[in-house]
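Heads up, the thing below is written out as structure tokens.
Below, chains carry the letters A, B, ... as their sequence lines are ordered, and counting in each starts from 1. Quick caveat, the model's predicted, so the values are computed rather than measured.
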Number of protein chains: 2
Amino acid sequence: MAKNGPITKSAAVRDRGVTMNDVANHAGVSRTTVSFVLNNRSTANISEETRKRIIESVQELGYRPNAGARALASQRSDWYGLVTEIVTAPFAVNVIKGAQDQAWLDRRFLLIAPSDQADAVGPNQGMEDAAIEKLLEQRVEGLLYAATFHRGVHVPKSAHEVPTVLINCFDADGKLPSIVPDERAGGRVAVERLLVAGHRRIGVINLDPQIPAAVGRLEGARDALAGAGLELDPELVVSGYATADGGYEAACEILDRYPKDERPTALFCLNDRMAMGAYDAIKERGLTIPGDIAVIGFDNQELIAAYLRPKLTTVALPFEKMGALGVRTLAALTAGQPITADQQLVDCPLLERSSV
Amino acid sequence: MAKNGPITKSAAVRDRGVTMNDVANHAGVSRTTVSFVLNNRSTANISEETRKRIIESVQELGYRPNAGARALASQRSDWYGLVTEIVTAPFAVNVIKGAQDQAWLDRRFLLIAPSDQADAVGPNQGMEDAAIEKLLEQRVEGLLYAATFHRGVHVPKSAHEVPTVLINCFDADGKLPSIVPDERAGGRVAVERLLVAGHRRIGVINLDPQIPAAVGRLEGARDALAGAGLELDPELVVSGYATADGGYEAACEILDRYPKDERPTALFCLNDRMAMGAYDAIKERGLTIPGDIAVIGFDNQELIAAYLRPKLTTVALPFEKMGALGVRTLAALTAGQPITADQQLVDCPLLERSSV
DNA sequence: AAAAGTTGTTGACACGCTTTAGTAACGCGC
DNA sequence: GCGCGTTACTAAAGCGTGTCAACAACTTTT
């Protein structure tokens, strides 16, 4: 045979993987033809017979295309990079899952790189840059940049060399498109749920009032109350650390402040960890959930919400959806389509369990 | 210039990335020399002057090596693949973190592929194979295969084409090396902790008695008791579903079965979710933790253990360590070193919090 | 019967890099 | 002035694939 190229050693002689040349030789055609068949090039007319013979050879030899070589030759990689500190934050790992699944559907490959620094300015600053650099060395066609909690971020400038989409955060410099949860709608939905259940006096256990999550969710709570002709009583809003202890203390303060008949009948906890603490405060006082006090959370940290007793009704952060949407947005960008908006809001669905 | 190759268009003309050729031209040397410098080839004598000039050119032009091309030419990829259903199981994501960090240290790249199927035999079976296939197309030099819970698995046969290491699971066919938690030592450590605290009557809330985790942890509990001249009272071992509800029911059964003075003074819960349920059962009966009943868990599901009130003392599953060890083992294998053991056990450290 | 398609296939270059086998220039000992 | 070793570099052959221009063998049109 020895048709293609000066030297055509067989796979066995080379002791490397089976290459396209081996397939071509085995099927008695040129390598080009094999390439056309494997890539379904409709412009090339390959006879059904030849195609079949090639497919058979592929399977017989166990040929597996070399993704790197393909990328090199075609100048397309089908790879996206995902940079995230999420690797350290278990509960937000669903971004990875959503992105992975969508990438899989789109026949793309997701390269995940760690950037272990929430707000590092010090020694770790370099790691994020290095991670992005590494991804660019792999010639990813686009970047996803995900944060563990909704906030503004500064993205290393090398990320601007390819299409980049931010997930669960937004570009503090206002250049890059982003995908964030619709905190406000989520807050509205939560409080509406409490209103529907008949609650009129609702306590709010707030996060650090500065962060986007707190601002949005509280705004949503106001929206809901306004819809029922009510106002948010500032006295009923207590801030605390975003932990179970913080929630416990805040709940104690609210519960102990009023006589029984003026006490709020429901608590909107701006995250599930605080709700967890609120549960303790409520139970400690001999009150029942949801009988005496209804509780609604936010975040849907499954390990908490689904295992509290009673199970916690909460508003979910749509990590998985955001991940998937991130990949789709990136696909649109790399395909040259202009995206519709700088910032896409994703719905936060209410998960009904048993605490309201 | 135009020294290298027949055509030597500049980067600007090509409108592609900067290549090694561009660097070579800019520095006035051959591409080979650039390659030698960038790879620190000590066999080649490059003058300090030339080296410096090349480094400068690299920075000036913003050259970034093409990882795919490099892999193609050198027949080495520096990539490992990690196959895992873990992407769906947030609490075990630390395997990814451990592996990522270690890979980063070793200057290797970890490609993560999803295999969304715990025990699928049906429609999803193909996904795992496809994931491995995809990784092999990327020419990964080795594979890590991680499970969400300790068990025997059947690994697709294509995984046998490259060095493969199992994490948190073992090869049911007994061929591949694996890394698993030392459940037995963990169980021992937990019960020893209770013994040290003076407890003699210890209730055990057991998992499904069949699974490796239950077998090992219980065995360890027996070891510890034997060390104190005690035996495990089978009556005090109650199995339940591995959930908070399961733990609640099991705890109720144990607590209600005995008069106050015969009641166990401590509960060893074989996982944290069950401990969470046990907390409720204990508090419901007006008992305090650890005053009346000490509780110790297993798994260290941080979102639970660190946020329960009081915080849960528990034995940690060393996911991060296993991930790191997996990468190191793989590195040894791919370097041709024989590994020492088929199955490596990793310690499960006791995390002291406030429930004992 | 010549010209103009059509169908099925291939040769050859390109992608960006590594690596082996060189070579030119120089200094050294005899 | 010759051989020999050293130093500092380079030419060229790959790695496995995509892709385009070209071509041979037919079929159809003029």
Consider the side chain of A:T32, meaning its heavy atoms from C-beta on, and name the nucleotide among C:dA12, C:dG8, D:dG18 that approaches it most closely.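 Looking only at side-chain atoms, A:T32 lies closest to C:dA12.
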
Would you indicate what [X] reaches in the nucleic acid, counting non-hydrogen atoms under 4.0 angstrom: base, sugar-phosphate, or nothing?
X	result
B:N66	sugar-phosphate
B:S35	base
B:I46	sugar-phosphate

Give the rounded distance in Å between these two atoms: [atom1] of [X] and [atom2] of [N].
X	N	atom1	atom2	value
B:R64	C:dC17	CZ	C1'	16 Å
B:Q138	D:dT17	CD	P	13 Å
A:R31	C:dA12	CZ	C1'	10 Å

Given [N], is OP1 or OP2 found less than 4.0 Å from the side-chain N or O atoms of [X]?
X	N	result
A:N45	C:dT9	no
B:T33	D:dT10	yes
A:R70	D:dG16	no
B:T19	C:dG16	no
B:S47	D:dC9	yes
B:R76	C:dT19	yes
A:R41	D:dC20	yes

Taking for each residue the nucleotide of DNA chain C with the nearest heavy atom, is it B:F36 or B:L72 whose nucleotide lies nearer the 5' end?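 Closer to the 5' end of DNA chain C: B:L72.
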
Take B:A73 and A:A71, find for each the nucleotide of DNA chain D with the closest heavy atom, and name the residue whose nucleotide sits nearer the 5' end.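 In this pair, the answer is B:A73.
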
Quick test of your reading of the model: are A:R108 and A:E141 salt-bridged, counting only N-O distances below 4.0 Å?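 A:E141 and A:R108: salt-bridged.
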
We want to know whether B:S35 and B:T32 form a side-chain donor-acceptor pair, criterion being a heavy-atom distance below 3.5 angstrom.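 Note: B:S35 and B:T32 side chains miss the donor-acceptor criterion.
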
